[in-house]
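Since the structure comes first, as C-alpha cells, the remarks are kept for the end.
Being a predicted model, the structure only gives us computed values, none of them experimental. Residue numbering restarts at 1 for every chain, and letters A, B, ... go by the order of the sequence lines.
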Protein chains: 2
Amino acid sequence: MAATLRDVAALAGVSIKTVSNVVHDFEHIRPATRSRVRAAIDELGYKPNITARSLRSGRTGVIGLALPELSLSYFGELADAVIRAAERANLVVLVEQTGGGDRDREIAMLSSARLQMTDGLIFSPLGMTSDDAQLLAVPYPLVVLGERVFGGPADHVTMQNVAAARAATRLLIDRGCRRIAVIGARADEAVGSAALRLQGYREALAEAELPFDPELVGVAEQWHRVDGAEAMRAMLATGVRCDGVFGFSDTLALGAMREIQAAGLRVPEDVAVIGFDALDETRFSLPTLSTIDAGREQIADTAVRLLVERIAGRSEPGAVHFADFTVLQRESTAGERGPDPAA
Amino acid sequence: MAATLRDVAALAGVSIKTVSNVVHDFEHIRPATRSRVRAAIDELGYKPNITARSLRSGRTGVIGLALPELSLSYFGELADAVIRAAERANLVVLVEQTGGGDRDREIAMLSSARLQMTDGLIFSPLGMTSDDAQLLAVPYPLVVLGERVFGGPADHVTMQNVAAARAATRLLIDRGCRRIAVIGARADEAVGSAALRLQGYREALAEAELPFDPELVGVAEQWHRVDGAEAMRAMLATGVRCDGVFGFSDTLALGAMREIQAAGLRVPEDVAVIGFDALDETRFSLPTLSTIDAGREQIADTAVRLLVERIAGRSEPGAVHFADFTVLQRESTAGERGPDPAA
DNA sequence: CGCCACGGCTGCAACGTTGTAACTCACGCT
DNA sequence: AGCGTGAGTTACAACGTTGCAGCCGTGGCG
C-alpha cells in the first residue's frame with residue numbers, strides 16, 4: 001500500500017495537517033519540523049493521492065480532447081500540439097475518439113460519463129452542424145475547434161478558412177494557372193471546412209476575374225488520400241483539363257498528385273498543386289507539396305489557454321478566435337507558368 | 001452545482017445508500033422504491049461523481065499510454081488502436097508523449113505524478129535499453145510495448161521483428177532481387193527494432209545463399225521520411241547499385257522510394273521496395289507500397305487485456321507476447337524480375 | 001408459538017485530502 | 001501583571017461515494 005499523510009504524520013510525530021502544510025510549502029513551519037517531516041516523507045516514499053486531492057478540490061488536472069481519429073495525420077498532429085500545450089499548463093490529456101464524422105457519437109461524447117473526471121473538454125466535431133449548436137450548452141468548460149458548429153455557447157477556436165483558401169488559390173493564379181480545380185468539395189454541405197475553402201477559392205477567382213467552372217469542382221466526402229485520388233481520377237477521366245489543383249487538405253492533394261502523375265502529367269510543369277494543413281509529410285512528397293499552415297500550434301495553444309481560463313471561472317464564453325495562417329511555397333507550385341498556349 | 005446522492009435521497013425520501021443501490025442495480029429493492037428513486041435521479045440530472053467513486057474504490061477507470069509522439073503516423077495509429085481496445089474494456093486513455101526517443105524523459109515518465117490517477121500504464125519506450133530493465137519495476141500495473149527493453153519485470157507485447165523482416169526480405173528475393181539494400185540501420189544499436197530487422201534481413205540472405213554486403217546497409221538514426229530519403233540518396237550517390245530496398249519502416253521506405261524515383265529509376269521495374277508497419281498511407285503512395293503488418297491491432301488488444309488482468313491482480317507479470325504478422329504484397333514489389341542481366 | 005431467514009432499507013465509517021477555526025505558547029508592549 | 005499578537009501547530013469537518021453491520025418486519029417451518 002502507498003503511504004498516506006497519516007503514515008507520514010505518525011512517523012514524524014506531528015499532525016496530518018502539518019505534513020500537508022510541508023507538502024504545500026506553507027510558510028510558517030519551524031525548520032526543525034519541516035526537515036523531520038521531509039525525512040519521513042522520503043523514508044516512506046510518500047506521494048500525494050491525486051484522487052483524494054481531486055475530490056477535495058473539485059479539480060482533477062485532466063482535460064479531455066475529443067476528436068475524430070488519431071490515425072488521421074491531421075488529428076494526430078493536432079493532438080500532439082494540444083498535449084504539449086496542456087503540459088505547459090500542468091494539465092494532462094485524456095483522448096477520446098468519435099470516429100470519422102459520426103454525429104451521434106459526437107453528441108453522445110458531450111454527455112459521456114467517461115469525461116466526468118475531466119476539468120473541461122476540447123472538442124473537435126466533424127459531423128455536427130450549427131443546428132446542433134445548443135447541444136454545446138454543457139455544464140462544464142468547453143472549447144470547440146473547427147468549422148462545423150458556429151454560434152454555440154462555447155468558446156471557439158478556428159482557422160481563417162476563407163482567407164487561407166483565397167491565398168492558396170491566389171498563389172496558383174499568380175503562378176499563371178487559369179483553370180484551377182479544387183478537390184474535396186462536399187455535395188450537401190453548407191458549413192464546414194469544405195464550404196469555407198470553396199468560398200475562398202471562388203473569391204480568389206472573382207478577384208482575378210477568372211470564371212468559376214463547376215466541372216473543376218471535385219467532390220470528396222471523406223478526406224483520405226484515396227478520396228483525393230478518386231476525385232482527381234474521375235475528373236481526368238471526363239476529359240476536363242486543368243493547370244492547377246487546390247486540395248482542401250494535404251491528404252487530398254497528395255492523393256490527387258499521385259493520379260496526376262499516373263496520368264503522365266508533370267507537377268508542377270503541367271499541373272501545379274497546393275494542399276492545406278501543413279502535415280509533416282508534405283515536406284517529403286515528390287515533389288514537395290506547397291500547402292497552407294492554418295496555425296495548428298496556435299490553435300492548440302489558444303484552446304488550452306481558453307479552457308484554463310474557463311476552468312478558473314474567468315471570462316465569459318462564446319468568443320471566436322481565429323489563428324493566423326501561412327502559405328508554404330514548395331516544389332509543387334514552383335516556377336513561373338508562361339501564357340497558356342491553348343488559350 | 002451537480003446533484004449528489006444526498007440530494008437525490010432527500011428528494012426521493014430514502015437514504016443515501018438506497019439511492020446508491022438503485023444506481024448499482026442492486027437486486028433487493030422494491031419496484032416502487034426503485035422507480036421513485038429513478039424519477040428523482042432524472043429530475044435532478046444526477047450523475048455519479050467519478051472522483052469520489054475512485055477514491056472509495058481505488059480504481060479510476062483510466063489507463064495511461066506513454067509513447068514518443070502522436071505526430072509520427074505509426075504512433076498515431078497505435079494510439080487509435082489502444083483507445084479503441086480500451087473503450088471495449090470500459091477504460092479511458094490518458095496520453096503522454098515522451099518525445100522521439102528521449103531516454104531521460106521516458107524514465108521520468110515512469111514515476112511521474114501525472115500518472116497517479118491512472119490504474120496502469122501502457123508504455124512504449126524508444127530511448128531506453130535493456131540496461132534500464134530494472135527501472136520497469138514500478139509499483140503499478142505496467143505493460144511494455146516495443147523492442148527496446150527486454151527482460152524487465154513487466155508484461156511485454158511485441159512483434160515478430162526477426163521473422164517479419166525475414167519474410168519481407170524473402171519476398172524481394174523470391175521476386176528475383178539479388179542486391180537488396182536496407183534503410184534504417186542504427187550505428188550503435190544492439191537491441192531495438194533496427195537491430196532485429198537487420199538480423200531478419202541477414203537470415204533471409206543466408207537462407208538464399210546471397211552475400212551480405214555492408215555497402216547495402218543504409219543508416220538512419222531517426223525514422224522520418226526525410227531520413228529514409230537521405231539514406232537512399234547517400235547510397236545512390238556513392239554509386240552503389242541495388243535492385244531491391246527493404247525499409248525498416250514505411251516512412252523510411254516512402255522516403256527512399258521518392259529518391260529512387262528522383263534518380264530516374266522505376267519502382268518496381270528497376271528497384272522493388274517494401275516497407276514495414278502497414279501505415280494507412282502506404283495504400284495510397286505511387287506506386288502503392290508493399291509492407292509488413294506487424295499486428296498493430298493485436299498488439300493494442302493484447303496490451304489492454306494484459307493490463308486489465310494485472311489491474312485485477314490476476315496472473316504474474318513478466319511474460320512476452322508476440323503478435324502475428326502479415327506480408328502485404330502491393331505494386332512496389334509487383335511483377336517477376338528476370339535473371340539479372342548484369343550478373 | 002417461537003425462531004430463523006431473508007427482503008428491504010438505513011446508519012456509520014472510511015477512502016486521503018484540505019479549509020477553517022482554534023489552540024498554545026512566547027514575546028513585547030502598556 | 002495583563003493583554004494583544006502572531007508563529008507554529010492541531011482538531012475537525014467536509015468532498016461524494018461505497019462496504020459493512022445491523023435494523024425492522026413478514027412469512028415459513030419445526
Side-chain angles (χ1 to χ4, degrees), chain A residues 1-41 44-62 113-119 139-140 311, chain B residues 1-41 44-62 113-119 139-140 311:
Chain A
M1 286 300 99
T4 71
L5 280 183
R6 196 215 304 281
D7 303 326
V8 177
L11 181 62
V14 295
S15 77
I16 289 178
K17 193 62 221 287
T18 299
V19 180
S20 172
N21 286 338
V22 170
V23 170
H24 286 271
D25 281 327
F26 181 66
E27 207 178 353
H28 304 300
I29 304 176
R30 252 187 311 178
T33 311
R34 188 184 299 269
S35 55
R36 196 148 37 92
V37 171
R38 287 259 166 78
I41 287 176
L44 297 176
Y46 168 78
K47 292 269 177 59
N49 180 314
I50 305 279
T51 307
R53 187 177 283 178
S54 298
L55 174 60
R56 194 51 241 248
S57 67
R59 298 276 175 76
T60 60
V62 181
R114 307 155 61 80
L115 288 173
Q116 281 280 313
M117 70 162 36
T118 259
D119 289 339
Y140 51 82
I311 291 170
Chain B
M1 284 300 100
T4 72
L5 280 184
R6 196 213 306 279
D7 303 325
V8 177
L11 181 61
V14 295
S15 77
I16 289 178
K17 194 61 223 287
T18 299
V19 180
S20 172
N21 286 337
V22 170
V23 170
H24 285 270
D25 280 328
F26 180 66
E27 207 177 352
H28 304 301
I29 304 176
R30 253 187 311 176
T33 311
R34 188 185 298 270
S35 55
R36 195 149 36 91
V37 171
R38 286 259 167 77
I41 286 175
L44 296 176
Y46 168 79
K47 292 267 176 62
N49 180 314
I50 304 279
T51 307
R53 187 178 282 179
S54 298
L55 174 60
R56 196 48 243 243
S57 68
R59 297 274 175 75
T60 60
V62 180
R114 308 155 60 81
L115 288 173
Q116 280 280 313
M117 71 162 36
T118 256
D119 289 339
Y140 51 82
I311 290 169

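DNA chain C is contacted by no residue of residues 26-37 of chain A, taking any non-hydrogen atom closer than 4.0 Å.
A side-chain hydrogen bond (donor to acceptor under 3.5 Å, both in side chains) check over residues 26-40 of chain B, counting only residues at least two apart or in different chains, returns the pairs B/Asp25-B/Arg38.
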side-chain contact (heavy atoms from CB on, under 4.5 Å) for B/Arg53 and B/Asn49? Distances and angles first, verdict last.
CA-CA 6 Å; B/Arg53 187 178 282 179; B/Asn49 180 314; over 6 Å; no

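Atoms CG and NZ, from B/Leu115 and A/Lys47 in turn, are 10.5 Å apart once rounded to the nearest 0.5 Å.
In the helix from C/dC1-D/dG30 to C/dT30-D/dA1, the end axes, each obtained as the rotation axis mapping the C1' atoms of four pairs onto the next four within a five-pair block, lie 70° apart to the nearest 10 degrees.
Scored by the side-chain contact (heavy atoms from CB on, under 4.5 Å) test, A/Ser54 finds A/Ile50, A/Thr60, B/Thr51, B/Met117 as partners (sequence neighbours excluded). For B/His24, there are no ring-ring contact (aromatic ring centres under 6.0 Å, His included) partners at least two apart in sequence or on another chain. Under the side-chain contact (heavy atoms from CB on, under 4.5 Å) criterion, B/Arg6 pairs with B/Thr4, B/Ile16, sequence neighbours left out. Not counting sequence neighbours, the partners of B/Thr18 by the side chain to side chain donor-acceptor pair (under 3.5 Å) test are B/Ser15. Under the side chain to side chain donor-acceptor pair (under 3.5 Å) criterion, A/Arg114 pairs with A/Glu96, not counting sequence neighbours. For B/Leu11, the side-chain contact (heavy atoms from CB on, under 4.5 Å) partners two or more places apart in sequence, or in a different chain, are B/Ala40, B/Glu43, B/Leu44.
Closest-nucleotide positions on DNA chain C for B/Gly13 and B/Leu55 were compared, and the one nearer the 5' end corresponds to B/Gly13.
Using a 4.5 Å cut-off on side-chain heavy atoms (C-beta onward), A/Val37 and A/Asn21 make no contact.
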What string of B, S and - do you get for nucleotides 17-28 of chain D, 5' to 3', if B is base contact, S is sugar-phosphate-only contact and - is no contact with any protein heavy atom under 4.0 Å?
BBBB--------

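Closest of all the heavy-atom pairs between A/Gly58 and A/Asp119 is O-OD1, 4.1 Å.
Taking the 5' to 3' direction, DNA chain C first and last meets chain B under 4.0 angstrom from a heavy atom at C/dG7 to C/dG16.
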